[in-house]
Every structure is written in structure tokens, then in C-alpha cells.
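Everything below concerns the one structure shown next.
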Amino acid sequence: MSNESLANLLKEERRFAPPADLAANANVTAEAYEQAKADRLGFWAEQARRLTWAEEPTETLDWSNPPFAKWFQDGKLNVAYNCVDRHVEAGHGDRVAIHFEGEPGDSRALTYADLKDEVSRAANALLELGVRKGDRVAVYMPMIPETAIAMLACARIGAAHSVVFGGFSSDALATRIQDADARVVITSDGGYRRGKPSALKPAVDEAVERAGIVEHVLVVRRTGQEVAWDDSRDKWWHETVDRQSAAHTPEAFDAEHPLFILYTSGTTGKPKGILHTSGGYLTQTAYTHWAVFDLKPETDVYWCTADVGWVTGHSYIVYGPLANGATQVMYEGTPDTPHQGRFWEIVQKYGVTTLYTAPTAIRTFMKWGDDIPAKFDLSSLRVLGSVGEPINPEAWIWYRKTIGADATPVVDTWWQTETGAMMISPLPGVTDAKPGSAQRPLPGIAATVVDDEANEVPNGGGGYLVLTEPWPSMLRTIWGDDQRFIDTYWSRFEGKYFAGDGAKKDDDGDIWLLGRVDDVMLVSGHNISTTEVESALVSHPSVAEAAVVGAADETTGQAIVAFVILRGTAAESEDLVAELRNHVGATLGPIAKPKRILPVAELPKTRSGKIMRRLLRDVAENRQLGDVTTLTDSTVMDLIQTKLPAAS
Ligand code: 6R9
């Protein structure tokens with residue numbers, strides 16, 4: 001970014017106070033901010049006591065060798081014991097841990113007692129396959145309970161899992177197996193997606209062949225489809241796990257023992273293996289899941305729609321909710337199979353109280369129309385969450401109104417694979433919510449916005465989001481590459497963690513996330529955020545989704561090019577395009593008017609729903625497309641390219 005700070009363009013004046021009854025009974029009150037501010041480490045030491053430790057930690061943080069943090073380092077615990085056994089010991093064995101809903105409509109409820117048996121059996125099976133404390137296990141699975149069971153079984157025996165998205169190619173899987181030196185892979189024959197079985201095993205066979213180091217592949221039978229079989233290497237889960245003893249005594253590991261590696265793709269270079277450890281990670285995922293969703297484990301039914309292969313699935317399907325003894329829904333498939341009301345049917349069926357999903361899904365539901373959710377009873381919902389991208393104010397309002405009966409708080413949670421858990425978010429019983437803003441660092445978290453010279457910007461200013469103090473669930477390093485960890489996150493601003501996101505502070509000091517700094521546009525010397533222009537477009541009634549990029553331009557340096565998906569009823573025309581340009585100009589000012597607006601049918605997205613703007617930039621600048629391997633659907637780019645008239 002140049003010296004010109006991000007222009008502060010969007011003004012959003014709407015405010016939503018917490019519902020009185022929720023505020024009156026909320027898990028967290030405003031006092032938590034004060035308490036954590038007065039004694040940050042004391043606050044986290046207290047949160048660590050949510051967990052059951054085999055040996056209580058006496059030291060909260062060792063920051064003597066920054067940026068390498070050690071949290072609760074003389075404490076010992078078993079993460080799986082904390083997520084499973086202790087709830088059974090506390091008398092909650094009959095509580096449902098997971099209501100599984102398969103895409104074809106099959107369902108299965110696992111209580112905490114069931115989960116304890118299954119995780120113990122799987123742990124015994126992994127031991128039989130030779131997996132030991134400190135080893136790595138790759139997991140390449142659909143969204144089924146065995147995925148969570150496999151992860152917890154690894155945690156139970158002290159092996160780190162490396163979950164790879166079931167949608168990634170065999171190449172991506174092979175690279176990740178090699179980088180982590182994983183000798184065992186857990187997978188399934190396939191899973192159900194869009195109404196049919198989608199195979200996983202063939203990609204594993206190829207990846208294992210290429211990686212050349214895998215000794216065993218443990219295969220869950222989910223779809224019953226044909227699979228190629230190598231007798232010396234492949235083992236069925238139902239033959240290997242089911243016959244094991246349900247007794248397994250969990251060993252206590254150091255708080256800093258590795259829990260998992262999760263690869264983030266990044267835009268260039270080889271994927272980074274983000275390393276998370278045990279005690280600090282579980283402390284912060286458990287605390288934030290309890291605080292931000294105001295979790296009442298006896299009565300709430302929580303549902304996070306993320307895939308387990310994304311960090312959101314790790315922290316807010318597996319570790320946070322299970323550490324808290326929550327009851328949750330796990331859904332295997334896509335939101336429009338067999339019909340576009342599937343999510344709302346699930347909310348109604350299980351009486352979901354707390355829904356956590358992504359802006360991309362919310363915008364899709366808006367596009368499908370209000371009449372679809374209107375057919376279902378959504379009155380059980382009491383807190384709605386969003387994660388993954390900035391949520392456009394109009395999508396936020398729609399979510400609250402149409403899904404939340406205009407009463408339910410929406411919590412917009414900012415965090416990253418690297419942060420491990422939520423960092424910036426409203427609290428549903430405390431915060432006067434502002435649509436489109438993640439607002440305030442959570443209690444115990446220190447975040448701010450700085451300019452190019454690392455000076456904190458005043459209220460009303462824009463720049464880069466940084467985290468100024470270590471936090472319990474922070475990444476500990478990039479697997480096998482400490483130097484890259486330092487260079488990527490700790491070198492841009494001395495002593496501060498650089499998140500890579502643009503942000504601004506409003507007049508109250510609340511934080512607004514403005515998109516990745518790599519995507520920021522520089523138009524006639526002004527830095528303009530992609531998020532603000534996209535939000536302005538989405539606030540027009542004809543636009544369902546928008547993605548904007550800066551394309552090289554002779555006169556202005558970069559020109560704004562917008563790709564928009566129109567709402568069902570809107571017809572594509574030159575008049576509409578002109579109207580949209582004027583609408584952006586009127587909302588944000590003339591500088592933000594897109595030079596070109598191209599209506600398209602779809603936008604390129606990753607599996608976790610993030611728009612891949614760099615590919616759109618390639619299109620807008622008439623370049624060969626970069627890496628498309630993490631796209632959900634690579635045919636989308638062909639469609640967009642045929643749409644594009646020759647560059648002007
Ligand atoms: C959890 C997750 C991290 C990046 C992050 C930012 C974007 C996530 C956001 C958000 C604005 C939010 N992001 N949540 N931007 N508001 N509430 O998404 O992790 O996949 O590693 O992505 O996602 O750009 O830097 P990850």
C-alpha cells in the first residue's frame with residue numbers, strides 16, 4: 001500500500017442494541033473488557049480454568065523469545081479428554097454431542113458417551129497402526145462424524161492431524177502429506193454432495209502414490225461406492241476401529257504439544273502449514289465459543305455450517321463446542337440439495353438456536369429469495385454468527401431480519417487460521433451492533449489499526465490491522481519454517497502481528513475490516529477498499545453479489561472493475577450498469593465509481609467461500625489465470641472469461 005491511507009468512504013448509521021432478555025442473562029457482560037484490560041494474563045489464566053488440567057499451569061505466558069510464544073507451558077492436559085470424557089464424568093453422557101444430518105436425509109445422533117467410546121476405539125486403532133505421540137496423520141474426509149472422531153483420536157494419543165479439504169486435488173493432498181511427513185491417511189470412499197456420491201478415495205490413492213511415504217490408509221465406508229484397494233496398505237474403518245476396545249486412558253501432554261497443522265493456501269508460494277498447540281488453543285476456542293455465542297450448553301442447539309477442512313470447522317465444530325459440552329448439528333451436504341430451503345428445514349428440525357455461517361452463504365440465500373426461509377419455523381434462533389469475509393451491511397441486515405426475525409443479534413467474527421480463534425467480534429449481550437463491522441477486540445485481545453509507519457491511526461483513519469499482544473490460540477510457527485513465520489507475520493511492523501487485512505476505525509473507535517491488503521485498489525493516488533465498493537454495489541436492490549478489483553489503467557494507475565451477480569428479477573442492460581455506477585458514486589463518492597461493471601453468473605470462490613479476486617484481476621488485465629486449484633468450481637472462470645469483452 002502507498003502512503004495514502006485507505007479512504008474512509010462508507011458511512012453506516014444503523015445500530016442494534018442487544019435484546020433485553022439476552023443481555024439480562026448473558027454469559028459475558030461489559031465488565032469482562034475492564035477485567036481483561038486491568039490484567040490480561042490474569043484474565044487468560046482464569047479462562048484456562050475452564051479446561052480440566054492433569055497438571056495446572058503456574059505460568060501463563062512465556063514471551064521471552066518473541067514471536068515464539070509459550071502459553072501455560074508447565075501445564076499438562078489431554079485435549080480429547082477435555083472435549084469428551086470429562087462431560088461423561090460430569091454426568092452428561094446422555095447429552096447429544098452431534099446431531100448428524102446426511103445429505104441424502106439419513107441422520108444419526110451421537111451422545112457424549114457414544115463419542116467417548118468411538119474416539120477411544122479410533123485411538124486404539126491408530127495405535128495399532130503404529131501411530132505414536134508426535135507423529136502426523138492426514139485426514140481427507142467428507143462432513144461426517146468420523147471426521148471429528150478421527151481428529152479427536154489423534155489428539156487423544158498426541159499425534160497432530162493435518163486435515164485437508166475433501167475438495168482439494170490429489171496434488172494438493174500429496175504436497176501436504178509430504179510437507180508434514182504423514183505416514184497414515186484417514187479418508188472415506190466418498191461423501192454426498194449435490195445429490196450424488198462424490199469419491200474421495202481415488203484422490204488419496206494418487207496422492208499416496210506420489211508422496212511415497214504413507215504406510216496405512218484408514219477408509220470409512222460412507223457411500224458404498226466402488227474403491228480400488230491395496231491390501232497391504234488400506235484398512236476399512238469398520239473392520240479396524242469397530243473391533244477395538246472402548247477403553248483407552250488418555251495421556252496428559254504438555255500445553256505446548258502440537259495439536260494440528262492446517263495449511264493455508266495464500267496467493268503465491270507453497271502452502272503454509274499453520275501449527276497450533278494444545279492448552280492455549282483450547283482455552284481460547286472454548287472461551288470465545290462460550291462468550292460470543294452466549295452458549296448455554298443445556299438448552300442451546302448450535303450449528304456451524306463450515307466444512308471441517310477449514311479452520312472454522314476445527315475451532316467451532318470440533319474443539320470449541322465440544323470442550324464446552326455443547327449439542328450441535330453437523331450437516332454433510334450443500335444448501336440447495338434437494339431444495340433451497342435445506343438449511344432452514346434443518347434449523348426447524350433440530351430447533352437450532354445458534355447459527356454460524358459465512359457471508360457468501362448469506363448472499364446466496366438473499367439471491368434465492370425471502371419466500372424460501374419464510375416456509376420454515378426459525379423461531380428457535382437466538383444468536384446468528386458470520387465469518388470468513390467482511391459481511392456487507394445489506395447482507396447483515398437481511399440475515400437479522402429474514403432469518404433472525406429482526407430481533408436476533410448478529411455477531412460478525414473476525415479471525416484467521418493463524419489466530420486459531422475469534423479475535424474481533426461483538427458480544428451478543430453487550431454490544432450495540434453496527435451492520436458490517438466486527439467492532440471491538442474480544443476481552444483479552446489487543447488489536448488496532450496502524451499506518452505505513454506503524455503509528456496507530458486516530459478514530460476515523462484507515463490502514464492495516466495489527467495484533468499488538470500475543471494471544472493464547474496464536475499460531476506457534478509455520479511447520480518446518482520458523483523464518484517464514486517471522487517474515488510473513490512479524491516483520492512488516494516491529495513487535496506486532498501483521499494480519500494482512502486492511503481496516504479502518506470509525507469515530508467511536510470500532511474496527512471495520514476492508515479486505516486483504518493485496519486486494520486494495522490504488523485509484524488516482526487513493527487507496528480504496530474492495531469491501532466498501534462491493535458493499536455499495538450489494539446495497540442496490542438489483543445486485544446479489546459483487547467482487548471488485550483494481551486493474552492497471554494508464555490514467556488513474558488502477559481502475560475499478562466490478563463483477564456483479566444480479567438478483568433473479570433484474571435484467572442485464574446498459575442502463576442498469578450506468579445506474580449501478582451512479583449508485584456507487586452517490587454512496588461512496590465519485591472516486592469509487594467503477595470504470596467497468598460486468599454482470600456475471602457466478603464468482604470464483606474458495607471452498608470456504610472467499611472470493612478469489614486475484615483471478616478476476618487476471619481476467620480484467622487480460623492475463624493468463626494463476627493457480628486455480630483451490631477453487632470450488634474451476635469452470636466458473638471459463639464462464640467469466642467468455643463474458644468479458646476485449647479489454648478497453
Ligand atoms: C476464520 C477464517 C482469514 C481471512 C482474514 C480476513 C477474512 C475472516 C472475517 C474476515 C472480515 C470477518 N475474514 N473473517 N474479514 N470480517 N468477520 O476465515 O480464516 O480462512 O484463514 O481466512 O478471512 O481477510 O484475514 P481464514
Side-chain angles (χ1 to χ4, degrees), residues 10 163 165 168 260-267 271-276 281 284-285 288-289 292 304-317 319-320 356-363 384-393 395-396 399 410-426 433-442 445 447 449 464-467 473-475 478 488-489 492 497-504 510-520 529-532 534-535 547 605-614 630 632:
L10 186 84
V163 180
F165 246 137
F168 283 178
F260 66 84
I261 302 168
L262 184 59
Y263 288 84
T264 61
S265 44
T267 43
K272 302 187 279 278
I274 303 302
L275 177 70
H276 283 288
Y281 172 81
Q284 194 175 330
T285 51
T288 51
H289 179 258
V292 171
C304 168
T305 69
D307 191 287
V308 166
W310 180 24
V311 71
T312 305
H314 284 56
S315 301
Y316 297 103
I317 294 176
Y319 293 110
Y356 194 29
T357 193
T360 178
I362 298 165
R363 290 188 301 255
L384 301 175
S386 173
V387 58
E389 284 187 295
I391 177 167
N392 322 103
W396 192 105
Y399 194 26
V410 173
V411 287
D412 173 13
T413 64
W414 179 90
W415 58 292
Q416 308 177 298
T417 306
E418 292 87 341
T419 70
M422 296 168 186
M423 301 294 282
I424 307 177
S425 170
K434 299 177 180 176
S437 174
Q439 296 188 262
R440 191 168 172 189
L442 287 166
I445 299 300
V449 182
Y464 309 88
L465 182 74
V466 292
L467 304 171
S473 62
M474 63 195 280
L475 77 166
I478 293 174
T488 309
Y489 304 107
R492 179 72 179 78
Y497 173 89
F498 170 54
D501 282 347
K504 71 180 186 190
D510 280 328
I511 295 175
W512 296 69
L513 278 307
L514 298 175
R516 301 294 295 167
V517 295
D518 303 340
D519 291 334
V520 163
S529 107
T530 51
T531 302
E532 291 196 317
E534 288 163 9
S535 289
K605 286 180 192 154
T606 65
R607 267 293 189 111
S608 60
K610 294 190 211 302
I611 297 169
M612 293 184 79
R613 290 180 191 74
R614 72 180 162 80
T630 56
T632 323

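All heavy atoms count here, side chains included; hydrogens, waters and symmetry mates do not. Model, not experiment: these values are computed from the prediction. Each ligand, and each atom within it, is numbered from 1 in the order the structure gives.
- The protein heavy atom nearest to atom 3 (C) of ligand 1 is Trp415 O, 3.6 Å.
- Paired with Ser315 under the rule side-chain contact (heavy atoms from CB on, under 4.5 Å), one option of Ile317, Val311, Thr312 passes, and it is Val311.
- For atom 10 (C) of ligand 1, the closest heavy atom belonging to the protein is Trp414 CD1, 3.5 Å.
- Protein heavy atom nearest atom 6 (C) of ligand 1, with residue, atom name and distance: Asp501 OD2, 2.9 Å.
- In this structure, Thr413 counts as a contact residue of ligand 1, since one of its heavy atoms falls inside 4.0 Å of the ligand.
- Against a heavy-atom cut-off of under 4.0 Å, Thr312 is close to the following atoms of ligand 1: 1 (C).
- Taking CG from Asp412 and CG from Leu513, the interatomic distance works out to 7.5 Å, rounded to the nearest 0.5 Å.
- Contacts between Glu389 and ligand 1, counted as non-hydrogen atom pairs separated by less than 4.0 Å, involve the backbone only.
- In this structure the side chain of His289 never reaches within 4.5 angstrom of the side chain of Tyr319, judged on heavy atoms.
- At the top of the distance list for atom 11 (C) of ligand 1, counting protein heavy atoms only, stands Pro390 N, 3.1 Å.
- Those atoms of ligand 1 with a heavy atom of Val311 less than 4.0 angstrom away are 1 (C), 19 (O).
- Polar contact with ligand 1: present for Arg516 (N/O pair, distance under 3.5 Å).
- When only interatomic distances are considered, the shortest N/O to N/O separation between Thr417 and ligand 1 falls below 3.5 Å.
- Close approach of ligand 1 to Asp412 is summarised as follows: ligand atoms under 4.0 Å from at least one heavy atom of the residue are 12 (C), 16 (N), 17 (N).
- Counting only N and O atoms by type, the side chains of Tyr356 and Thr413 include a donor and acceptor under 3.5 Å apart.
- Taking each of Lys610, Arg607, Gln416, Met422 in turn, the one with a heavy atom nearest to atom 18 (O) of ligand 1 proves to be Lys610.
- Protein heavy atom closest to atom 20 (O) of ligand 1, with residue, atom name and distance, is Trp310 NE1, 2.8 Å.
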Problem set entry | Derivation of the salt bridge (charged side-chain N to carboxylate O under 4.0 Å, His left out) call for Arg613 and Glu534 | CA-CA 12 Å; Arg613 290 180 191 74; Glu534 288 163 9; 2.8 Å; yes

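- Put simply, part of Gly388 is less than 4.0 Å from ligand 1, judged by heavy atoms.
- Put simply, the side chain of His314 never gets that close to the backbone of Gly309: no donor and acceptor are under 3.5 Å apart.
- Contacts with ligand 1 closer than 4.0 Å are made by side-chain heavy atoms of Leu513 only, the backbone lying farther away.
- The two atoms that bring Val411 and Pro426 nearest to each other are CG1-O, 3.6 Å, heavy atoms only.
- Side-chain contact of Thr419 with Tyr497: a donor-acceptor pair under 3.5 Å is absent, judged by distance alone.
- A side-chain donor from one of Lys605 and Thr360 sits under 3.5 Å from a side-chain acceptor of the other.
- The backbone N or O of Ala499 sits less than 3.5 Å from a side-chain atom of Gln416, completing a donor-acceptor pair.
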